[in-house]
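All values below come from the heavy atoms of this structure, side chains included, with hydrogens, waters and symmetry mates left out. Letters A, B, ... are given to chains in the order of the sequence lines, protein chains preceding strands, and every chain is numbered from 1.
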Amino acid sequence: MKSTLTQLTAQFDQAIVAAFGPELTGTDPMLEPTTNPKFGDYQANLAMSLAKPLKNNPRAIASQIVEHLDVSALCEPPEIAGPGFINLRLRTDYLEQQLQQMQADPRLGIPPVAQPQRVIVDFSSPNIAKEMHVGHLRSTIIGDSIARVQEFMGHDVLRLNHVGDWGTQFGMLITHLQEACPDALEADSSVDIGDLVAFYKQAKQRFDTDDDFKTRSREAVVALQAGDDTATKAWKVLCTQSRQEFQKIYDRLGITIQERGESFYNPLLADVVKDLDTQGLLVEDQGAKVVFVDGFTNKAGDPLPLIIQKSDGGYNYATTDLAAIRYRTQQDGAQRVLYVVDAGQSNHFALVFQVAAKAGWIPDGVELTHVPFGVVQGEDGKKFKTRSGETVRLKDLLDEAVSRARADLERRIEAEGRQESESFIQTVAETVGIDAVKYADLSQNRTSNYIFSFDKMLALQGNTAPYMLYAYVRVQGISRKGNIDFDHLPDEARIHLEEASEFALARHLLQLDEVLDEVAQDLYPNRLCQYLFELSQKFNQFYDRCSVLQAPEPQRTSRLLLCDLTAQTLKLGLSLLGISVLERM
RNA sequence: GGGCCAUUAGCUCAGUGGAUAGAGCAACCGCCUUCUAAGCGGUCGGUCGCUGGUUCGAGUCCAGCAUGGCCCGCCA
C-alpha cells in the first residue's frame, strides 16, 4: 500500500516543476496534517516559503501550484486559504478504499522498509550482583519499544544487554563469596547465595571496614583479570545468579534481550589502546593514558580528557564502549546503534563518539545515537525512593502496580455484581498493572524527567493503559455479543462512511503509517502513545454515537469492519510499545 | 566556573517554523429500558519563565538573563 503522503508529495513535485521549472525539483511541499479538521486532511505550507525566492505573493504561488496539481484520484479540489495554505481533503471513496486495504492486511498497509538496516539497540544494562531497580525501568521499557518499532519496520535488530559484569567491585564480591559461601564454588554446585542485594551490601561493608579484606579483594581483581580458575568460577556463580534474577523481570515484562556484558570486550581492550596510540591520539596525563577532545572542559576550565587506561593499568568503561563501537560496526555490521541510556551520560557519549570518530572507527553511513531519557522522580519531585529512603526494587514496583490494579478490579467486580474466576482476576490484574507501568513511562516525552505516580498510571480515565485496553475490550464485546468472527467477514463486505464520528475515526486510522515512520526515525514512543490515545477517544465517540450490531445492513457490516480495523490498530500499536491487550476486563 | 536538559492551564503533560496553543486530571453541569458508563457531551481554566533578535509568520530558531534538574579524571 502506497502511503497517502508519498503519493501527494509526488504530485506536488510534478506540479511545482510544471509551474516554476525543473530547478525546483525535489522542493519539500511541506505537507502535514491540518491543524484543524475544517481545513481538510492535509495542508501544504510551501507557497509562503517560496514567496521570497520567486518574488511573488504566496497566494499567487499557491494558485499556480494548484493549477498544475493533479490529486483528483485522492482528494477533493484543493483550496487555497489564509496567507497561502493549500488545503486538501481526501475523497470519501479514497478513504474507504484505503481503510479496506488496511483491514485486509495483517501489517495494516504498512510495507517493510525497502532497505533494511542492521540496527543495534543497547538498553536495560543492569549490574551483576545488584538487583534491578527503578533506575533500570526507563531504559528497559523505552529500549524494548524502540527495538519493537525497528523490528516491525523490517530492520534487522540486535537487542543487546550491556550488563555491568566487570570492574573493580568484583574483587570484594568474589572474596566475600569465597569466604561466606565456599560451597558455591564446588565443582557442580548450584548453591543459591540468596538475596544478592544483601550479599552486595555485606561485601561492601566488609570492604569499607576491614583492611585485610580490602587487600584480599584487590588481589582477587588481579586474579580474575589473570584468568585464575577459582576467581573465574566465583565470578561466573555471581553472574549466573544475577542473570536468573534479571530473567524473571524480563519474563514478566515480556522482554527479550541478548546479554553481551562488558566482560565480552575484555580481549579487545588492549587493541583499542594500541590503535589510539599508533594514531598519536593517546596522551599520558597524571599517569593515565587519555585522549583530549575538543569542546569539553572540567571545573577548573582545563580541557577534559577521556580516560582510556587508568594509572594502575586498568581499563574503564570508556575503553569498553570504544571496543564495543569497533565490534558492533565491524563484526556485527551495525549501521545504526541506539544507546538507550539516561541523559546524565550525555557527556560521556559525546566524548566517546568524538574519540571514535577521531580514530576513524565510525564508517561512513553508520549512525551512533545516544537516546537519552530523564530521571524518575517521586511525586515530591525528588529522586524516586521508598518511604525509608531506599532505592525501589523493580520487582516491588511491579508487584505494587499489580496489586493496586487487582484492588481496583475487585472493587468493580463487586460493584457490578459480576462473578469472575480467580484466574481471570489474576490475569487481568497482572496485565493491567504491567501495562500501566509501561504506558505511563512511554507516554511521556522521554527527554524530560518522569514523575512516577501509581495513582495516575492506573487511573481508569485519561491517557492511561486501562483507558486504551478498555477501548479494545469494547470491540471484543461487540464480537462476543454478535457472534462475529472478524477473521471471516464476507469478502463482499464494504466500508461506507456516513456519520461524522465514522469519518473522524477513519481519518485517524489512516495516519498510522505516518506516525510509525516518525517514531522509527525520531525514537519518541510518546508520539505513538498520543496517536493510540486519540484513536481510542475517536473510537469511543464512534461507539457512543453509532450502534453497530443494531444497525441495518450494509451499515452494520461496514461498522464491523471499522471496529475490527480499530482493534487491529490498537493491538498492533500497543504491541509496538510492549503492551498486551485483553479480551475482557 | 563549564556543559547538557528543562520551564506551556491549579496539577501531570502534548505540541513537526504556519491559521483561533491542546489533552488528561482536578472542579462544576448533563447523558445508562440500547454492543461493558473503565464511556460520551458540556462549562471553567493561558503574559507558552523574562528580555531582545531572526522570519511573511516564533511556544517552536538564535542570543542574553532567571529558576530547577543532571553531569564535569582514573566507578559504571
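Phosphate contact (OP1/OP2 of B:C40, side-chain N/O of A:Asn540, threshold under 4.0 Å): present. Contact check, A:Gln521 against B:U16: no side-chain N or O comes under 4.0 Å of OP1 or OP2. Between A:Asn526 and B:G15, a side-chain N or O to OP1/OP2 separation shorter than 4.0 Å is present. The shortest distance between the side-chain N/O atoms of A:Arg474 and the OP1/OP2 oxygens of B:A38 is not below 4.0 Å. At the phosphate of B:G41, OP1 or OP2 sits under 4.0 Å from a side-chain N or O atom of A:Gln541. Phosphate contact (OP1/OP2 of B:A19, side-chain N/O of A:Lys38, threshold under 4.0 Å): absent. OP1 or OP2 of B:G39 has at least one side-chain nitrogen or oxygen of A:Gln461 nearer than 4.0 Å. Proximity of A:Ser448 to the phosphate of B:A14: a side-chain N or O atom is located under 4.0 Å from OP1 or OP2. Taking only side-chain nitrogens and oxygens, A:Arg59 never comes nearer than 4.0 Å to OP1 or OP2 of B:C56.
Across the strands present, B:U54 finds no partner; the criterion is a Watson-Crick or G-U wobble pair with both atom distances under 3.5 angstrom. B:C70 is paired with B:G3 under the Watson-Crick or G-U wobble criterion, all donor-acceptor distances under 3.5 Å. Of the nucleotides present, B:C25 is the one that pairs with B:G10 by Watson-Crick or G-U wobble criteria, both distances under 3.5 Å.
Here A:Asn316 lies in heavy-atom contact (under 4.0 Å) with sugar-phosphate atoms only. Among the protein residues, A:Ile307 comes within range of the nucleic acid bases, having at least one heavy atom under 4.0 Å from a base atom. In this structure, A:Ala471 reaches neither bases nor backbone, as no heavy-atom distance under 4.0 Å exists between it and the strands shown. As judged by a 4.0 angstrom heavy-atom cut-off over every strand, A:Asp312 is placed among residues making no nucleic acid contact. Looking at heavy-atom distances under 4.0 Å, A:Leu549 makes contact with a base. Using a 4.0 Å heavy-atom distance criterion, A:Asp321 is classed as making no nucleic acid contact. Within 4.0 Å of A:Cys529, counting heavy atoms only, lies no atom of the nucleic acid at all. Residue-level contact check: A:Val475 touches neither bases nor backbone, having no heavy atom under 4.0 Å from any strand. At a threshold of 4.0 angstrom between heavy atoms, the contacts of A:Gly344 are confined to the sugar-phosphate backbone, with no base atom among them. Among the protein residues, A:Gly477 comes within range of the sugar-phosphate backbone only, with heavy atoms under 4.0 Å from sugar or phosphate atoms but none that close to a base. At a threshold of 4.0 angstrom between heavy atoms, the contacts of A:Gln43 include nucleobase atoms, whether or not backbone atoms are also involved. If you check every strand for non-hydrogen atoms under 4.0 Å, A:Gln286 touches a base. If you check every strand for non-hydrogen atoms under 4.0 Å, A:Ala51 touches nothing. The residue A:Leu582 sits apart from the nucleic acid: no heavy atom pair falls under 4.0 Å.
A cation-pi arrangement is absent between A:Arg138 and A:Phe373, since the terminal nitrogen or guanidinium carbon is not both under 6.0 Å from the aromatic centre and inside a 45° cone about the axis. Cation-pi geometry between A:Arg474 and A:Phe539 is not met: the NZ or CZ atom fails to fall both under 6.0 Å from the ring centre and inside 45° of the normal.
For A:Tyr543 and B:A38, the OH to P distance is 10 Å, given to the nearest whole Å. When the C1' atom of B:A23 is taken as reference, atom NE2 of A:His508 falls 13 Å away, rounded to whole Å. Computed from coordinates, the A:Met48 CE to B:U55 P distance equals 17 Å when rounded to whole Å.
For A:Phe349 and A:Tyr339, the distance between ring centers is under 6.0 angstrom. Centroid-to-centroid, the aromatic rings of A:His370 and A:Phe353 stay 6.0 Å apart or farther. The six-membered or imidazole ring of A:Tyr265 lies away from that of A:Tyr315, with a centre-to-centre distance of 6.0 Å or more.
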(request) Step by step, work out the salt bridge (charged side-chain N to carboxylate O under 4.0 Å, His left out) result for A:Glu410 and A:Arg406. (result) CA-CA 6 Å; A:Glu410 285 174 337; A:Arg406 187 187 176 107; 3.1 Å; yes
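With A:Glu502 as the fixed residue, the salt bridge (charged side-chain N to carboxylate O under 4.0 Å, His left out) test singles out one of A:Arg559, A:Lys538, A:Arg545: A:Arg559.
Nearest-nucleotide assignment on RNA chain B puts the 5′-proximal partner with A:Gly82, out of A:Asn449 and A:Gly82.
For B:A19, the base is stacked against the aromatic ring of A:Phe39, per a cut-off of 5.5 Å between centres and 30° between planes. Residue side chain A:Phe85 fails the stacking definition with respect to B:G18, as its ring centre and the base's six-membered ring centre are not both under 5.5 angstrom apart and under 30 degrees in plane angle.
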